Amino acid sequence: GASGAIFGLLVAFGLLFPNAELFLLFIPVPVKAKYIIPVYVVIELFLGVGQFSGDSVAHFAHLGGALFGFILIKYWRIHRPGGFI
């Protein structure tokens, strides 16, 4: 539920601010959002398809939230006057 919504916000942030630099906990250098967010989505896809034993995370709920965030931002860019600038 809430983690899927967070993924939607994460993807929306990546689309709106692709050049924002993010500092990750284990990577001590800044990484742009346009690079790290797609990698994170691909990792979730791999973990969801892999169905590892002992994994009780709803990876496809995360992917659904990411897809919804992507679609919503694309819809708003097309149908809102002025778009996001």
Side-chain angles (χ1 to χ4, degrees):
S3 59
I6 296 299
F7 259 79
L9 289 173
L10 186 67
V11 169
F13 176 81
L15 289 172
L16 294 175
F17 306 104
N19 292 319
E21 293 181 342
L22 304 173
F23 284 93
L24 301 177
L25 186 62
F26 300 111
I27 303 174
V29 295
V31 181
K32 291 189 178 188
K34 64 183 173 184
Y35 300 126
I36 197 68
I37 293 172
V39 169
Y40 196 31
V41 170
V42 168
I43 290 171
E44 282 295 320
L45 180 63
F46 172 74
L47 291 173
V49 172
Q51 297 178 353
F52 298 103
S53 63
D55 186 14
S56 61
V57 176
H59 297 287
F60 289 110
H62 295 163
L63 294 172
L67 179 64
F68 185 77
F70 178 81
I71 291 171
L72 193 61
I73 292 299
K74 290 299 181 181
Y75 174 78
W76 282 346
R77 277 201 177 156
I78 293 170
H79 292 90
R80 286 186 67 176
F84 292 108
I85 294 178

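Numbering of residues begins at 1 and proceeds along the displayed sequence. In this text the structure is predicted, and so the values were computed from the model without any measurement.
Here the straight-line distance linking atom CG of Leu16 with atom CD1 of Ile73 works out to 4.5 Å at 0.5 Å rounding. To the nearest 0.5 angstrom, Phe46 atom CZ is 11.5 Å from Glu44 atom CD.
Aromatic pair Phe7/Tyr40: ring centres closer than 6.0 Å.
The hydrophobic clustering, which links ILVMFWY residues whose side-chain heavy atoms are closer than 4.5 Å, places Phe17 and Leu72 together. Hydrophobic clustering, with ILVMFWY side chains joined whenever heavy atoms are under 4.5 angstrom apart, keeps Ile36 apart from Val42. Residue Phe23 is not grouped with residue Leu10 when hydrophobic side chains (ILVMFWY) are merged at heavy-atom distances under 4.5 angstrom, including chains of intermediate members. In the hydrophobic clustering of this structure, Leu9 does not group with Val11; members are Ile, Leu, Val, Met, Phe, Trp, Tyr whose side-chain heavy atoms approach within less than 4.5 Å, directly or through other members. In this structure, Leu15 is a member of the same hydrophobic cluster as Trp76, with clusters built from ILVMFWY side-chain heavy atoms closer than 4.5 Å.
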Between Val49 and Phe60, is the side-chain contact (heavy atoms from CB on, under 4.5 Å) condition met? List the steps. CA-CA 9 Å; Val49 172; Phe60 289 110; 4.2 Å; yes

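Within the 4.5 Å cutoff, side-chain heavy atoms of Leu22 are placed close to those of Phe13.
Between His59 and His62, the ring planes lie perpendicular to each other; the angle is over 60°, past the 30° to 60° tilted range.
Smallest separation of non-hydrogen atoms from Lys32 and Pro18: CB-O, 3.9 Å. Considering every non-hydrogen atom in both Gly14 and Ile37, the closest pair reads CA-CD1, 3.6 Å. Tyr35 and Val31 make their closest contact through CB-CG1, 4.3 Å (heavy atoms, listed as atom of the first residue, atom of the second, distance). Closest heavy-atom contact between Pro38 and Ala33: CD-O, 3.8 Å. Among all heavy-atom pairs drawn from Val41 and Ala66, the shortest one is CG2-CB, 4.4 Å.
In this structure, the side-chain hydrogen bond (donor to acceptor under 3.5 Å, both in side chains) partners of Lys34, at least two apart in sequence or on a different chain, are Asn19.
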